[in-house]
Amino acid sequence: MSPLEAIKARHAVRQYLETPIEAEKTDKINDCITQCNREGGVHLQMVTNDPSAFSSGLAKYGKFIGVSNYIAVVATKGNDGDEKAGYYGEKVVLLMQTLGLNSCWVGLTFKNNKNAYQVTDGEELKCVIAFGYGATQGMPHPQKKSLSDLSQVEDEMPEWFRRGIESAMLAPTALNQQKFLFRLIDGNKVEAATRFALNHYAHIDLGIAKLHFEIGAGKENFDWA
């Protein structure tokens, strides 16, 4: 399964089976995390066999069942750290999809177990990513916005840019708000920014959407502005 196929196949899953994850798959996830941490200066950490984070009333309110594995998405404080957390966290999410695992970005409905991961000075836990073998494969989120709502071009839209926006439209965002905008500048430069974003997770969402855009558009076709 290619990264683009993973984008199209992956949907948020909140209910999980007790099926253990094979060691070879957790090894691949850890390898991906190590690469992301090195490349992006983030501090992602995998936590397995710890149901305590999703045993509270908050988790039940969020309809999470059977979650015992998650990624602690730790990064530097501020918007830049938020964006990197989204970008690199989604890299791990898409890898897990190619491994036959399911996942869900989780912002509030979990119990913060500080003994399960490390947060150093200048860092903070941004959110977590629940993962495992889902009881279902999830459902596509309803598409509230059109391609033109999420993009701006001065002339005719290049096909690679269109593919990038279509891929970004499949990115998970808080409350499915899609508070991002991609602008095409000078033919092959792309500017990505939050738009009318009031929620705490807007820059995390932007990072996720930027990775999706790169995969859909092809990094060889443009430069970030």
Asks: Using modelled atom types and a 3.5 Å cut-off, is there a donor and acceptor pairing between side-chain atoms of R10 and backbone atoms of S103?
Replies: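 Looks like yes, one N/O pair under 3.5 Å.
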Asks: Nearest 0.5 Å, what's the OG1-CG distance between T76 and D121?
Replies: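 One gets 13.0 Å once the value is rounded to the nearest 0.5 Å.
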Asks: Nearest 0.5 Å, please: how far is CG in L170 from NE2 in H141?
Replies: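 One gets 6.0 Å once the value is rounded to the nearest 0.5 Å.
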Asks: Using only atom types and a distance under 3.5 Å, with no angle test, would you say the side chain of N69 pairs donor to acceptor with the backbone of N49?
Replies: yes
Asks: Would a distance-only check, ignoring hydrogens and angles, find a side-chain to backbone donor-acceptor pair under 3.5 Å from N102 to G134?
Replies: yes
Asks: Checking side chain to side chain contact (heavy atoms under 4.5 Å, CB included) for the pair R163/L4: CA distance, chi angles, key distance, verdict?
Replies: CA-CA 10 Å; R163 293 195 303 267; L4 185 57; over 6 Å; no
Asks: Do I204 and L150 land in one hydrophobic cluster if side-chain heavy atoms of ILVMFWY residues count as linked below 4.5 Å?
Replies: no
Asks: Should the heavy atoms of other residues, nucleotides or ligands under 6.0 Å from CD of E24 be counted, would the total exceed 12?
Replies: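 Count over threshold, so yes.
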Asks: Does the side chain to side chain contact (heavy atoms under 4.5 Å, CB included) test come out yes or no for W105 and I129, once each step is laid out?
Replies: CA-CA 5 Å; W105 285 85; I129 302 167; 3.8 Å; yes
Asks: E124: which residues meet the salt bridge (charged side-chain N to carboxylate O under 4.0 Å, His left out) condition with it, sequence neighbours left out?
Replies: K126
Asks: Output yes when a side-chain donor or acceptor of Q137 lies under 3.5 Å from a complementary backbone atom of H11, and no otherwise.
Replies: no
Asks: Using side-chain heavy atoms (C-beta onward) and a distance below 4.5 Å, is Q143 in contact with Q178?
Replies: yes
Asks: Could you report the tightest heavy-atom contact between A6 and Q97, atom names first, then the distance?
Replies: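 Shortest heavy-atom contact: O-CG, 3.8 Å.
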Asks: Can you run down the salt bridge (charged side-chain N to carboxylate O under 4.0 Å, His left out) pairs that involve residues 31-53, sequence neighbours left out, and say none if there aren't any?
Replies: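 Salt bridge (charged side-chain N to carboxylate O under 4.0 Å, His left out) check on residues 31-53 returns E39-K91.
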Asks: Tell me the salt bridge (charged side-chain N to carboxylate O under 4.0 Å, His left out) pairs involving residues 216-225, sequence neighbours left out?
Replies: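 Output for this query is empty, none listed.
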Asks: Sequence neighbours excluded, which residues qualify as ring-ring contact (aromatic ring centres under 6.0 Å, His included) partners of F131?
Replies: none
Asks: To the nearest 0.5 angstrom, please state how far the CG atom of L94 sits from the OG atom of S2.
Replies: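 Going from CG on L94 over to OG on S2, the span is 10.0 Å.
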Asks: Name all pairs fulfilling the salt bridge (charged side-chain N to carboxylate O under 4.0 Å, His left out) condition that reach into residues 137-149, sequence neighbours left out, sorted by first residue then second.
Replies: none
Asks: Treating E166 as the side-chain partner and G216 as the backbone partner, does any N or O pair qualify as donor plus acceptor under 3.5 Å?
Replies: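 No, the answer is negative, given that no donor and acceptor are paired below the 3.5 Å cut-off.
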Asks: Taking the side chain from Y88 and the backbone from V42, do they hold a donor-acceptor pair closer than 3.5 Å?
Replies: no
Asks: By the ring pair (Phe, Tyr, Trp, His ring centres under 6.0 Å) test, which pairs, at least two apart or in different chains, include something from residues 204-225?
Replies: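 Ring pair (Phe, Tyr, Trp, His ring centres under 6.0 Å) check on residues 204-225 returns W160-F222, F161-F213, F182-F213, F213-F222, F213-W224, F222-W224.
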Asks: Kindly say whether A23 contributes a backbone atom to a donor-acceptor pair with the side chain of T26 at under 3.5 angstrom?
Replies: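 Yes, because the side chain of T26 sits within donor-acceptor range (under 3.5 Å) of the backbone of A23.
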Asks: Of the options V73, I208, D205, I7, which is the one that meets E90 in a side-chain contact (heavy atoms from CB on, under 4.5 Å)?
Replies: I208
Asks: With a 3.5 Å cut-off and no angle check, do the side chains of Q152 and E191 form a donor-acceptor pair?
Replies: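 No pair is found: no donor N or O on one side chain lies under 3.5 Å from an acceptor on the other.
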Asks: Can you tell me if N30 uses its side chain to pair, donor with acceptor, with the backbone of M46 under 3.5 Å?
Replies: no
